[in-house]
Amino acid sequence: LYLIKIAMSLHEEFDPASHQHTRYNPLKGEWVLVSPHRIKRPWKGQVEKAQEEVIPERDPNNPLCPGSKRSNGQVNPEYTGAFVFDNDFPALLEEGPAPAKTDHPLLQIEPARGTCRVMCLHPRSDLVLPLMSSEDVRKIIDEWANQIAELGKRYMWVQVFENKGSVMGCSNPHPHCQVWASSFLPNEPKKSNEGQLEYFKNHGRVLLLDYLQLELDKKERLVVENEHWVVVVPFWALWPYETLLLPRRHVLRLPDLTTEERDSLADVMKRLLTKYDNLFECSFPYSMGWHGNRGVSMVTMPSLTWDQFCRGTDW
């Protein structure tokens, strides 16, 4: 019986939707194990409808609301759009003593400087991106671009990211994201930069543009698209419901987007995030981050599990 089973498997035609295999992620130079047959395993775990938290339009005790006092004693202005301030509990500081150099290869250490900002996306606490108007989302995109342009003059890397939902580690329900600027290039964008540079050296073309065209031709993993943007489930997706948002042309950074591309981006973001909410019938938690420099893309890694939260943003 064992020999018969082996013989049958040798003659069975490979089906990527049924058989285990690995897929290469050219942005990170890593292989991802894909085991689609495991979805057939019995499920006896708990299944329940998500309990939606009732969030008031404005809570005077919430330190992110307009007019509220934060932990450092500062009072927020009565802002009507996006509001940016220095994080009261930053992971990176602009000033500080540098560590002493070490000659030991196993004890390497380098200085790290930067700044961390919080960006409130809207004055109302009960409005998240998919529920905001396109005009409001467009203003958020403009402020992202402003932050990247400003901080990019002083720092090697500027990361815009959002952790939405308590399961993703968000500590406050008021809609907000973060902007971190650092004197060093973090691991994930460093890998992505190296992968794209290697591809360009070998092929003389832009990796993400070639990949986008492949997806447009195959039409297998397209989620939503418009005149300027395309959302796909990446071929090398690692996390459940991971998506990749790409521009149709080669753009280096968010500040380089045209007026039309920014309007179009607001549209595609709202449509994508609305699909997440509708699919799971809740205000769906996710982590998303923008990667720029050699190419602009937004990676969204939503999940209702702790494993995906532990991964956090692509920092």
Side-chain angles (χ1 to χ4, degrees), residues 80-84 119-149 158-165 174-179 206 208-209 211-234 237 241-292 295-302 313-314:
T80 58
F83 167 55
V84 182
M119 177 175 161
C120 296
L121 305 180
H122 198 278
R124 286 180 54 175
S125 294
D126 59 340
L127 284 185
V128 289
L129 279 171
L131 299 180
M132 295 179 194
S133 68
S134 296
E135 292 75 18
D136 286 336
V137 178
R138 166 60 197 273
K139 292 176 182 177
I140 292 169
I141 294 169
D142 287 341
E143 188 56 42
W144 284 344
N146 292 339
Q147 293 294 314
I148 292 173
V158 181
Q159 178 70 66
V160 175
F161 66 94
E162 179 193 8
N163 294 327
K164 175 174 174 270
H174 191 89
H176 69 284
C177 67
Q178 300 194 49
V179 183
V206 177
L208 287 174
L209 288 184
Y211 174 66
L212 175 59
Q213 190 58 55
L214 277 173
E215 293 291 7
L216 291 173
D217 293 340
K218 287 181 173 293
K219 292 181 170 58
E220 294 177 354
R221 289 172 287 272
L222 298 180
V223 178
V224 63
E225 59 181 306
N226 61 19
E227 182 181 358
H228 301 102
W229 299 87
V230 180
V231 180
V232 302
V233 175
Y241 303 97
E242 179 179 343
T243 55
L244 183 65
L245 171 56
L246 296 165
R248 290 182 182 268
R249 72 177 181 94
H250 185 44
V251 185
L252 295 182
R253 304 184 308 157
L254 282 177
D256 300 331
L257 297 176
T258 66
T259 298
E260 293 76 15
E261 288 170 333
R262 296 187 187 199
D263 290 339
S264 185
L265 177 56
D267 165 73
V268 80
M269 285 180 59
K270 273 182 57 68
R271 290 166 59 193
L272 171 63
L273 297 177
T274 299
K275 285 181 178 292
Y276 280 129
D277 287 359
N278 291 343
L279 177 62
F280 291 94
E281 299 180 344
C282 69
S283 184
F284 197 59
Y286 59 79
S287 286
M288 77 88 170
W290 281 103
H291 283 184
V296 173
S297 64
M298 185 180 82
V299 185
T300 310
M301 294 156 292
T313 59
D314 272 341

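- Counting only heavy atoms from C-beta outward, the side chains of V158 and R253 never approach each other to under 4.5 Å.
- R124 and H122 make their closest contact through N-ND1, 3.0 Å (heavy atoms, listed as atom of the first residue, atom of the second, distance).
- Side chains of W144 and C177 form a contact here, defined as non-hydrogen atoms less than 4.5 Å apart.
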For K275 and V231, run side-chain contact (heavy atoms from CB on, under 4.5 Å): C-alpha distance rounded to whole Å, both residues' side-chain angles, the deciding distance at 0.1 Å, then the answer.
CA-CA 12 Å; K275 285 181 178 292; V231 180; over 6 Å; no
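- Ring geometry, Y241 versus F284: the interplanar angle exceeds 60°, so the pair is classed perpendicular (tilted spans 30 to 60°).
- Of the residues R271, R248, K219, the one that meets the salt bridge (charged side-chain N to carboxylate O under 4.0 Å, His left out) test with E225 is R248.
- The backbone N or O of P255 sits less than 3.5 Å from a side-chain atom of R262, completing a donor-acceptor pair.
- The side-chain heavy atoms of Y286 and E162, taken from C-beta on, include a pair separated by under 4.5 Å.
- Side-chain atoms of D263 and R138, non-hydrogen and from C-beta on, do get closer than 4.5 Å to each other.
- Here the side chain of Q159 pairs a donor or acceptor atom with the backbone of W290 at under 3.5 angstrom.
- Surrounding NZ of K139 are at most 12 heavy atoms belonging to other residues, nucleotides or ligands under 6.0 Å away.
- L245 is listed as a side-chain neighbour of V268, based on a closest heavy-atom distance under 4.5 Å.
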Show, in sequence, the C-alpha distance, side-chain angles and deciding distance for L273 and V128, and conclude whether the side-chain contact (heavy atoms from CB on, under 4.5 Å) test is met.
CA-CA 10 Å; L273 297 177; V128 289; over 6 Å; no
Evaluate side-chain contact (heavy atoms from CB on, under 4.5 Å) for V160 paired with M119, printing each intermediate quantity in order.
CA-CA 10 Å; V160 175; M119 177 175 161; over 6 Å; no
Stepwise, does the side-chain contact (heavy atoms from CB on, under 4.5 Å) test hold for V230 with E215?
CA-CA 9 Å; V230 180; E215 293 291 7; 6.0 Å; no
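- Considering only heavy atoms from C-beta on, E260 stays 4.5 Å or farther from E227 through its side chain.
- Proximity of L129 to I140: side-chain heavy atoms (C-beta onward) are separated by under 4.5 Å at one or more points.
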